[in-house]
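Here's the structure, in C-alpha cells; my notes come after.
Chain letters run A, B, ... following the sequence lines, proteins first and then strands; every chain starts at 1.
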Amino acid sequence: MIPKGRVSTYGAISDFLSLGSARMVGWALNNLGNQREVVPAHRVVNRKGELSGRMFFHPPELMSELLKSEGIVVIDHHVLDFENVFWYPRQLEY
DNA sequence: CCTATGACGCCGG
DNA sequence: GCCGGCGCCATAG
C-alpha cells in the first residue's frame, strides 16, 4: 500500500498490523517468494531512514535505484528528507 | 530444551 | 543524540 515516492518503516508496519515485532516485517519481506513482484519491499526502510535491507536485492544497488526512479533521493544509503517522505500505514489511499 | 541470530526499535543513562 | 540493554518472535543448529 505504500505509495510511490514515499517510504515506510519496519516499526510502523509492525505497529499498524499489530505484529508484535518489527523483526517480523523483515522476516516477511525475506519470505515473499512469488509475491516479490507485487510487494514494494524497496519502500521499507528502518526508523532512521536507512536502507538496511539493501543487501537482499540483486544487485544490492537495485533498492536505491528503484527508489530513485520513484523520485526519492538516496544519499549514502539514507533517504533524503526522511521525515517528510515517511508514510504511516492507513486504510487506503488513492 | 537452549542459545544465537537477525531487512528492528524503544527506553534509560 | 549516541549507546548499551532488552523486548520482540521465527529459525537454525
If you apply the rule side chain to side chain donor-acceptor pair (under 3.5 Å), what do you find for A:His42 with A:Glu70, and how did you get there?
CA-CA 11 Å; A:His42 59 285; A:Glu70 298 179 353; 2.8 Å; yes
Please report, rounded to the nearest Å, how far the [atom2] atom of [N] is from the [atom1] atom of [X].
X: A:Leu29; N: C:dA10; atom1: CG; atom2: P; value: 16 Å
X: A:Leu51; N: B:dA7; atom1: CG; atom2: P; value: 14 Å
X: A:Leu19; N: B:dC10; atom1: CG; atom2: P; value: 14 Å
X: A:Met24; N: B:dA7; atom1: CE; atom2: P; value: 11 Å
X: A:Phe56; N: B:dG6; atom1: CZ; atom2: C1'; value: 8 Å
X: A:Asn30; N: B:dT5; atom1: CG; atom2: P; value: 18 Å
X: A:Leu17; N: C:dC8; atom1: CG; atom2: P; value: 18 Å
X: A:Phe82; N: C:dG1; atom1: CZ; atom2: C1'; value: 16 Å

Interatomic distance at C1', C:dC2 relative to B:dA7, whole Å:
23 Å
Side chain of A:Trp27 - closest among B:dG9, C:dC8, C:dA10
C:dA10
Which of the following nucleotides, B:dA7, C:dA10, C:dC9, is nearest to the side chain of A:Phe57?
B:dA7
Would you kindly confirm whether A:Tyr88 and A:Val85 end up in one hydrophobic cluster when ILVMFWY residues are joined by side chain heavy atoms under 4.5 Å apart?
yes
For the student: nearest non-hydrogen atoms of [X] and [Y], plus distance:
X: A:Asn84; Y: A:Asp81; value: ND2-OD1, 2.8 Å
X: A:Val44; Y: A:Thr9; value: CG1-C, 4.1 Å
X: A:Ser14; Y: A:Val25; value: N-CG2, 3.7 Å

Taking for A:Arg47 and for A:Val25 the nucleotide of DNA chain B with the nearest heavy atom, the one nearer the 5' end belongs to A:Val25
With heavy atoms under 4.0 Å as the rule, sort A:Arg36 into base, sugar-phosphate or nothing.
base
Mind checking A:Asn46 for me? I need base, sugar-phosphate or nothing, with any heavy atom below 4.0 Å counting as a touch.
sugar-phosphate
